[in-house]
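Both counts, for ligands and for their atoms, begin at 1 and track the order of listing. For clarity, every value in this text was computed on a predicted model and none was experimentally measured.
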Amino acid sequence: MSISLVGRIAYLTSDFVVDALPPAPGTSVFAETYAALSKTSTHKPKIISSPPGADDGLTVLRNPSKLTSLTAVASAQRLAQLLLHLEEISSLPVVIHLAIQDDLSDALLLRSGIPFFLLSTNAQRAHDNALVAAKLARTESKAVVHAFYMTSSTSPLEEVSEEQIHSFLRLPNTSFPSAPNGKIEHSPDLPNGFTDGTSVDNHVSETPVDLFEAYKSAALDTTVLVKRQLSPFVSHGPAEPLTVVLIFGQDDFVCSLEYVLFISVSLATPHPPSLISGIIPRSAKRVIVLEQVFRWHSKWTPLYIDTVTALQQRIAEDEIVVQSGLLGISTHITASDILNAFHQSTAVPSPRLQLGVVPISTSSSHSLPHIPKHEAAYTKILDHLFQDRLEIANGPELVTSLGPIATTPEFALGRVRGLFDSRGELVKSIQVLLQQSSIGELHSLLSKWVLAKDDAMKSKSLGDAIVKSLKSAPITHSAAERILSLSEFFPSRSRWIIGSDAWSYDLGSSGLHHAIASGLDINILILDTLSYSSRKSGDPHRRKQDVGLYAMNHGDVYVASVAAFSSYSQVLQAIIEADRYKGPSVVLAYLPYYDEGASALEILKETKLAVDSGYWPLYRWDPSKEKAGKEPFSLDSDAIKNELKQFLDRQNHFSQLILSTPQLATELVSNLGQTIKEARKKRAEESYNTLLSSLNAPPILVLYASDGGAAEKKAKRLASRAKIRGLSTTITTMDSYTLESIAQEECVVFVTSTAGQGEPPQNGRNFFKAVNAAIAKGDTIFQKMRYSVFGMGDSHYWPRPEDAHYYNKPGKDLDARLEKLGAERIASLGLGDDQDADGPETGYKLWEPLLWKALKVDSIEITEAEPEPITNEHIKAASSYLRGTIVEGLQDFDTGALAPSDTQLTKFHGIYQQDDRDIRDWRQAEGVEPAYSFMIRVRMPGGVCKPHQWLQMDQIADEHGSGTFKITTRQTFQFHGVIKKHLKPAIQDINRVLLDTLAACGDVNRWVYFSWLRETDV
Ligand SMILES: Cc1cc2nc3c(=O)[nH]c(=O)nc-3n(C[C@H](O)[C@H](O)[C@H](O)COP(=O)(O)O)c2cc1C
């Protein structure tokens, strides 16, 4: 029943339908519905029946349409094929309807690669969700998986009419309709928005919150049409439960238990964390996540991981326990079964909670006697994807027949060689038999097999047919006998050697080198279990042997680096690509754990640290793509991808500009600002008198660049010491001067600290750009000038050896470039290092005497004057009416922070810059900046909040902050966790309801006053 309902919606909503046929003798379960509709409906989509073994993903990609539906009965083999194209399909209007028997494991293979995953557990819901899916795919131009159970129903079901469906899917503007999220929809006339043969790149990276909003809107539209509530979570039970049971699967049982809330989940993706934490009432002490996944690859199932992630804080604070459970066939489950299961799961050690009958899996043909528990995360993926094609050449089951040596990878390589030789013999014998004239029909079978011998499906079915034919009509020829004796080699197998990183470490004698260099079609899975934290506590600077790099150097080896607990879909993609690659493949798989007792959360955390920091990059290198003219390397780690992009953008931007348009560079340089020149002129006049009074001493100009104030302080102290020595001294920031003005100076001392990744601080950036531009032009403008540079940095700020060049980079660069521009160095470069015993002062003490010596004032003894303390009022007065460089800081996406000089200023705007203390230490150890975010405090006169203002506050917290906001004793609201990108829109949204944040922090007038007289009394 659900099949015909879903099939009908797929047919009526799509322009193109791919119906995936099961292996013979099975027939398509959707075919009957499509055949009936083709006679009765006016709508005529193009329908393709896709045979078993065909590449459904490619068929979808080759036939762009306004809406494509792929209908199939979920099976691992079918969906594994599709995985390879998920990245492309995910941003197309495609609905994948998957009929489920009783297990969601296969369908869930697609979950992490597709933006939306809906689940229907009854026929009526399947009908309604099919409409939601079509609406979502159509309006968002994104793929939707709709998994539904093959059920029938005795109660009457309601279907919407064909006319209703057509008007439901009609988009607001038929020429170039605009989707709700503001993106351009595909043109109806041009398939899939292709205008000139190229696709419209409408890919915008969206957060789970954006995607969830899109789902809500499509579900709401469908609710209006079908007049039935379509909620992603349906719950029954008390409002203040002690236990919450989250159910993902077919929940036929209806039980009411005191203190137990049952929540059925029908939306598996997107799951913004706030969504899950929002549905678990605060009263709950235990959450049980029941999932109907009988053949899942690891202990931690998808919804369980989502739930643990969403409730992390409550778990850490011991408020709640989250348990994972298996939902079996649920038809006869009673309340007492549930209570029993609960009871058993509280025992110590607790068995995995299980409800209902779990069918014994028939698909797994390889039982592995001992695999360390966590490593099954990968071996089960192999098992699941390749099933009876899988051959682990060093599988533990071989030990019984071949002895303990059978598990060593060296042995495996020898064994694989033997297997390949045997298959080669089979091929030879077949070729011999093909020369024989009187073999009749067998000839065609044999030649077909030779052509399809590397095809996973065909090689097996043709092999079976050949054996059957040879057995039923024996041929008296030695080649025929040989073929029968080698019949086990007919199917094309997926051959894997599994080893640990310890084995791979010794490239030469472990056999790994031989496997890589063998040219054989073999796959090597190397599991690296060294946890990121323990690597750090060893020698963090020592890089491990990079097997991936080594293998890539061979040029003909497929290499992937994966982490199941970071990106499951990337693991699947890599394993399938490795299997397909004709030649050696190496898959480096990360699985950090100390011992078998490690918890899900620990492994997840360790993996996240390693992947986000770049210690374990996720990538795939496929040399076959290079031959096809495509890029062979794909970097799959989002975190490093973004960092790399920003870094390259930053580095490239200016040098590209200078190279491509030299005159533009000159303009940029000369544009440094009229105002600066004017300021310089004024300052020159001011210092005229001082100059006169110290005519005998050479004047010096101290220019500094500083973000946090340390270099500024040093420069100011230097200037005051210079004055005491009788030197006429001027001090200011580097950006206050043009190069031309500096070129007029006789003696300039530069003090600069280091910001970002070896970059100059904010108030010296224009000066540095100008110097670079002058170098690019080959200028020698500083011929009159004498100089010395003192640089300040931290030699451990970027601790990796390969990042050592960032240490004190601006100081070093400046020192070398000034010389190139013609200036004369009077004292060699001084370097202050935060790591030195006395901090930067250590280096400073060595450098300063050199300077005095060069200026011939070294004999004067001084007593140092402390600089005047800087108060808030000084800061405000110097900030250009609280502007500072906040605007520039907001536009600088290289860092999540504002310039340190602005962080005091933003307080007067009601904004505090903060960073996540919990992860401060490890981020520092990683050489990444702290995780910055902002707290915003609203100014709310009299503490009176109107309803529409309250609603806006609520929305701001969801869209821009941590999802919650605080009501403070200052009678106002506070938002937390607002990242820099969201700062401006958040303030704009506050202003929109006529509130602001001015003076809400850091100022004396942040207190809220109001009259004790009530409005009515006044
Ligand atoms: C965000 C940030 C990035 C930094 N990057 C570097 C760097 O790449 N190389 C380096 O040698 N020091 C680096 N440092 C260290 C500073 O240059 C050093 O602490 C200096 O004393 C700060 O001076 P300032 O307060 O005048 O900015 C960095 C410091 C910060 C806060």
Enquirer: Indicate yes or no: at least one non-hydrogen side-chain atom of Thr997 is less than 4.5 angstrom from one of Arg937.
Expert: no
Enquirer: Counting heavy atoms only, which part of Gln757 comes closer than 4.0 Å to ligand 1: side chain, backbone, both or neither?
Expert: backbone
Enquirer: Kindly say whether Thr885 contributes a backbone atom to a donor-acceptor pair with the side chain of Asp902 at under 3.5 angstrom?
Expert: yes
Enquirer: Looking at every heavy atom in both Gly896 and Glu929, which two are closest together, and how far apart are they?
Expert: N-OE2, 2.6 Å
Enquirer: Is any N or O atom of Gly793, backbone or side chain, closer than 3.5 Å to an N or O atom of ligand 1?
Expert: no
Enquirer: Give the residue and atom name of whichever protein heavy atom lies nearest to atom 17 (O) of ligand 1, and the separation in Å to one decimal.
Expert: Thr754 O, 2.6 Å
Enquirer: Would you mind finding which of Ser753, Gly811, Pro930 brings a heavy atom closest to atom 22 (C) of ligand 1?
Expert: Ser753
Enquirer: Go through the steps for Tyr797 and Tyr806 under the test ring-ring contact (aromatic ring centres under 6.0 Å, His included), then give the verdict.
Expert: CA-CA 9 Å; Tyr797 202 87; Tyr806 294 133; over 10 Å; no
Enquirer: Do Asp836 and Lys845 meet the salt-bridge criterion of a basic N to acidic O distance under 4.0 Å?
Expert: no
Enquirer: Measure up the Phe767 and Phe750 rings against each other and bin them: parallel (under 30°), tilted (30 to 60°), perpendicular (over 60°).
Expert: parallel
Enquirer: Is a donor from one side chain sitting under 3.5 angstrom from an acceptor on the other, for Trp616 and Ser566?
Expert: no
Enquirer: Considering non-hydrogen atoms of the protein only, which is the closest contact for atom 12 (N) of ligand 1, and what is the distance?
Expert: Asp794 N, 3.0 Å
Enquirer: How close does the nearest protein non-hydrogen atom get to atom 26 (O) of ligand 1, and which residue and atom is it?
Expert: Ser706 OG, 2.6 Å
Enquirer: Say whether Pro761 and ligand 1 are in contact under the criterion: heavy-atom distance to a ligand atom below 4.0 Å.
Expert: no
Enquirer: Taking 4.0 angstrom as the limit, do Glu712 and Lys716 come out as a salt bridge?
Expert: yes
Enquirer: State, yes or no, whether a side-chain contact exists between Val771 and Met734 at a heavy-atom distance under 4.5 Å.
Expert: no
Enquirer: Are the charged groups of Glu848 and Arg717 less than 4.0 angstrom apart, N to O?
Expert: no
Enquirer: Counting only heavy atoms, which portion of Tyr797 has something under 4.0 Å from ligand 1: side chain, backbone, both, or neither?
Expert: side chain
Enquirer: For the side chain of Asp834 and the backbone of Gly839, is there at least one donor-acceptor N/O pair under 3.5 Å apart?
Expert: no
Enquirer: How close does the nearest protein non-hydrogen atom get to atom 21 (O) of ligand 1, and which residue and atom is it?
Expert: Asp834 OD1, 3.4 Å
Enquirer: Among all protein heavy atoms in this structure, tell me which lies nearest to atom 5 (N) of ligand 1, with the distance rounded to 0.1 Å.
Expert: Gly756 O, 2.8 Å
Enquirer: Is the side chain of Thr207 donor-acceptor paired with the backbone N or O of Asp210 at a distance under 3.5 Å, no angle test?
Expert: yes
Enquirer: Non-hydrogen atoms of Pro840 versus ligand 1: any pair closer than 4.0 Å?
Expert: no
Enquirer: Which atoms of ligand 1 are found less than 4.0 Å from any heavy atom of Asp707?
Expert: 24 (P), 26 (O), 27 (O)
Enquirer: Relative to the heavy atoms of Ala711, which atoms of ligand 1 are at a distance of less than 4.0 Å?
Expert: 24 (P), 26 (O)
Enquirer: May I ask you to identify the nearest protein heavy atom to atom 9 (N) of ligand 1, giving residue, atom name and distance to one decimal place in Å?
Expert: Tyr806 O, 2.9 Å
Enquirer: With heavy atoms under 4.0 Å as the rule, classify the contact between Ala710 and ligand 1 as side chain, backbone, both or neither.
Expert: both
Enquirer: Closer than 4.0 angstrom: is that true for some heavy atom of Glu929 and an atom of ligand 1?
Expert: no
Enquirer: Using a 3.5 Å cut-off on N or O atoms only, is Ser795 in polar contact with ligand 1?
Expert: no
Enquirer: Provide the number and element of each atom of ligand 1 under 4.0 Å from a heavy atom of Met792.
Expert: 17 (O), 21 (O)
Enquirer: Within the 4.0 Å heavy-atom shell around Gly758, which atoms of ligand 1 are there?
Expert: 7 (C), 8 (O)
